[in-house]
Amino acid sequence: MQEKNRAALIALCLGNFVIGTGTLIVPGMLPQLSEGLGVSLPVAGQLVTAFAAATCIGAPLLAGATSRIDRRVLLIAMQLVFVAGHLGAALLSSFWPMLAVRVLTSVGAALYTAQAASAAALLVPSAERGRAIAFVFLGWSVASVAGVPLGSYVAAVWGWREGFALVAAGAALGAAGVWLFVPRGLHVQAASAAMWRSLLRDPAAMAIVGVTALFAAAGFGLFAYIVPAAKSFLGASPEMVSGLLGAFGVAGLAGNMLAVRYMDRVGPANVVMFCLVAMLAAHLLWPWSQGSVALVALVMFGCGLGVFACNSSQQARLAAMAPAAAPVSIALNSSAIYLGQAFGPAAGGILIAHVPGSEGYALIAAISVPLLAAAIGLSYFASRRMRARIPSTSETAHVQGRPVTG
C-alpha cells in the first residue's frame, strides 16, 4: 500500500474515533446528564435513542443525496458538524434543547462512518478492501478503549459539559486530518433508483443488514445502561466504571485487529459468526454476574470482542457482494446499526423502569439473547444465499487467489 494512502486511512480511522466517541459518550455520562438536565435516568437514555433513530433514518437518505460530492469535502464537513454540535451541547442546561442538538449532530454520524468506509475502498486494490474497511472502523474500537472511558471519567470528575467539549476538540483534529491526508477527487458512483431497487430486492443483502440491526439492538441495549448497572451490581466507583469500559474497549480493539488480520483469509461471513457467538455467550452470562467484578469484566470483554469486529465485517461483507453499490449498502448497514441502537436502549429503558434495581438490569438479557440467536440464524441464511449464487463474478470477491463470499 502506498504511504500516502496509508496516511489517508489513518486519518479516516481517526475521524471514526471521534465519531465513535461522540456517539458512545452519552451512555458513559448518563447519570451526570440525568442529574444535570433534571430528568430521570430512562428519560436521559432517550438522548441515546433519539441520536440513534435520527442517524438510522438519515444514513441512507443522506448517502443518496450526497453521492455526487467529493468524499474529502463531505467527510470534513461531517467532522465540523460534530464540532458545532458538541460545543452547543456543552452550553445547554435543559433536556429538550439537548435532544434537538443531539438529533442535529447525528447528521455527522449518519454520513461519516459509512462514507469513510466507501472512501477507504477507493484508496486500495480490491484484494485489500476488506482489511482497509476494517482498519478504518478500528477507530470505533479505539473510541471504546480510550474515548468512552475517558469521557465517563471526565464527566464523573469534572462534569458532562467538559465531556462534550472534549469531543468537539477531537472533531476539529479529525477535520484537520482528513483535510491534510485524504486526497481530492474521491467520487463514488451516484446512487440511482435502480441501485436502491437492486439492493432492497436482494434477500442476501437484506439479511446481512438485518443481522446488523439485531446484534446492534442486543449490544447497545446492554451497553447504554452499563454504567448504572455496574453501580447497582457492584457499587462501582468512577475508576472501576472506567476500568470496566476499558475492558470492553480493549476487547473491541483486539477483536477488530483480529478481523483486520484474518478477514481476507477466512471471509467476512465467518468472522461475523464468530463475533455473534462471542456476544451470545457474554449476554447469557450477564444475569449471573451480579456481585462479581470478574464476571462483569468477562461479560464486557465478550461483548467488546464481538460487537465492533462484527460491524466492520458486515461492512466488508456488503462491499464484497456488490462493490459499485458499496456507498449505498454500507450506508444502509450503518442505518441498521443505529436502528438497533435506537431499539435496544428504548426496550431496556422500559424494562428497568418497570423492574427497578439490579433485577431490571439483569433482565436486559431476556431481550438481548433472543436477538443474538436470531442474528446467528439470519447470518447463516445470508451465507447460504450467497453460496447459491457462486460462481457469479459480480458477487464474488477474489482475495489472495481464493474466492471469499458472504
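- Between atom CG of residue L280 and atom SG of residue C275 there is a gap of 13.0 Å, rounded to the nearest 0.5 Å.
- Not one N or O on the side chain of N256 forms a donor-acceptor pair closer than 3.5 Å with the backbone of G252.
- Residue L30 comes nearest to A224 through the heavy atom pair CD2-O, 3.6 Å, listed as atom of the first residue, atom of the second, then distance.
- Across every non-hydrogen atom of W160 and G36, the tightest pair is NE1-CA, 3.9 Å.
- In this structure, D70 contributes its side chain and G185 its backbone to a donor-acceptor pair below 3.5 Å.
- With contacts defined as side-chain heavy-atom distances shorter than 4.5 Å, the pair M321/D202 qualifies.
- Enclosure of atom CE in M206 by more than 12 non-hydrogen atoms of other residues, nucleotides or ligands within 6.0 angstrom is indicated.
- With hydrogens and angles disregarded, a donor-acceptor distance shorter than 3.5 Å links the side chain of S34 to the backbone of V39.
- Under the 3.5 Å distance criterion, with hydrogens and angles disregarded, a donor-acceptor pair is assigned to the side chains of S118 and Q115.
- In this structure the side chain of R72 never reaches within 4.5 angstrom of the side chain of F181, judged on heavy atoms.
- A 4.5 Å side-chain heavy-atom check between L75 and L111 finds every atom pair outside the cut-off.
- A ring-centre distance under 6.0 Å is not found for F220 and F343.
- Put simply, the side chain of F274 does not reach to within 4.5 Å of the side chain of L258, judged on heavy atoms.
- L138 CG to R131 CZ: the interatomic distance, rounded to the nearest 0.5 Å, is 14.5 Å.
- The closest side-chain heavy-atom distance from L123 to L12 is below 4.5 Å.
- In plain terms, the two heavy atoms of V167 and G22 that are nearest each other are CG1-CA, 3.7 Å.
- Summarising the geometry, atom CZ belonging to F135 is positioned 6.5 Å from atom CG belonging to L9; distances are rounded to the nearest 0.5 Å.
- Distance check: L276 CG to L371 CG gives 11.5 Å after rounding to the nearest 0.5 Å.
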Dump the intermediate steps for side-chain contact (heavy atoms from CB on, under 4.5 Å) on F164 and L33, then the final yes or no. CA-CA 11 Å; F164 283 131; L33 276 167; 4.0 Å; yes
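- The side-chain heavy atoms of F233 and W286, taken from C-beta on, include a pair separated by under 4.5 Å.
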Between T55 and L339, is the side-chain contact (heavy atoms from CB on, under 4.5 Å) condition met? List the steps. CA-CA 8 Å; T55 308; L339 174 62; over 6 Å; no
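- More than 12 heavy atoms of other residues, nucleotides or ligands shown are found within 6.0 angstrom of CD on E162.
- Judged by distance alone, with hydrogens and angles left aside, the side-chain atoms of S313 form a donor-acceptor pair with the main-chain N or O of A309 at under 3.5 Å.
- Using a 4.5 Å heavy-atom threshold, the side chains of P31 and K231 count as touching.
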Could you go step by step and tell me if H187 and L122 meet the side-chain contact (heavy atoms from CB on, under 4.5 Å) rule? CA-CA 8 Å; H187 290 278; L122 295 173; over 6 Å; no
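- Ring orientation note: the planes of F248 and F308 are nearly perpendicular, at an angle over 60° on the 30°/60° scale.
- A side-chain donor from one of R161 and S93 sits under 3.5 Å from a side-chain acceptor of the other.
- Contact of the I25 side chain with the M29 side chain is registered, since non-hydrogen atoms from C-beta on lie closer than 4.5 Å.
- Checked by atom type and distance alone, the side chain of R68 never pairs as donor or acceptor with a backbone atom of T66 at under 3.5 Å.
- S292 places a side-chain N or O within donor-acceptor distance of the main-chain N or O of L295, the cut-off being under 3.5 Å.
- For the side chain to side chain contact (heavy atoms under 4.5 Å, CB included) with S379, the lone residue among V272, I208, L214 that qualifies is V272.
- Remark: the backbone N or O of C56 is paired with a side-chain donor or acceptor of S335 at under 3.5 angstrom.
- Between H86 and F82, the angle of the ring planes lies from 30° to 60°, which puts this pair in the tilted group.
- Separation of atoms OG (S368) and CE (M279) is listed at 8.5 Å; rounding is to 0.5 Å.
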CA sep, side-chain torsions, deciding dist, call: V136, Q315, side-chain contact (heavy atoms from CB on, under 4.5 Å): CA-CA 11 Å; V136 168; Q315 292 181 348; over 6 Å; no
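- Considering every non-hydrogen atom in both H283 and A365, the closest pair reads O-CB, 3.5 Å.
- In terms of heavy-atom proximity, Q32 sits nearest to A155 at CG-O, 3.5 Å.
- Using modelled atom types, one side-chain atom of Y225 and one backbone atom of P345 make a donor-acceptor pair closer than 3.5 Å.
- Side-chain contact annotation: S334 with T113, donor-acceptor N/O pair under 3.5 Å absent.
- At distances below 3.5 Å, not a single donor-acceptor pair connects side-chain atoms of N16 with backbone N or O atoms of A116.
- Residues L47 and V26 come closest through the heavy atom pair CB-CG1, 4.2 Å.
- Summarising the geometry, atom CD1 belonging to I76 is positioned 11.0 Å from atom CE belonging to M78; distances are rounded to the nearest 0.5 Å.
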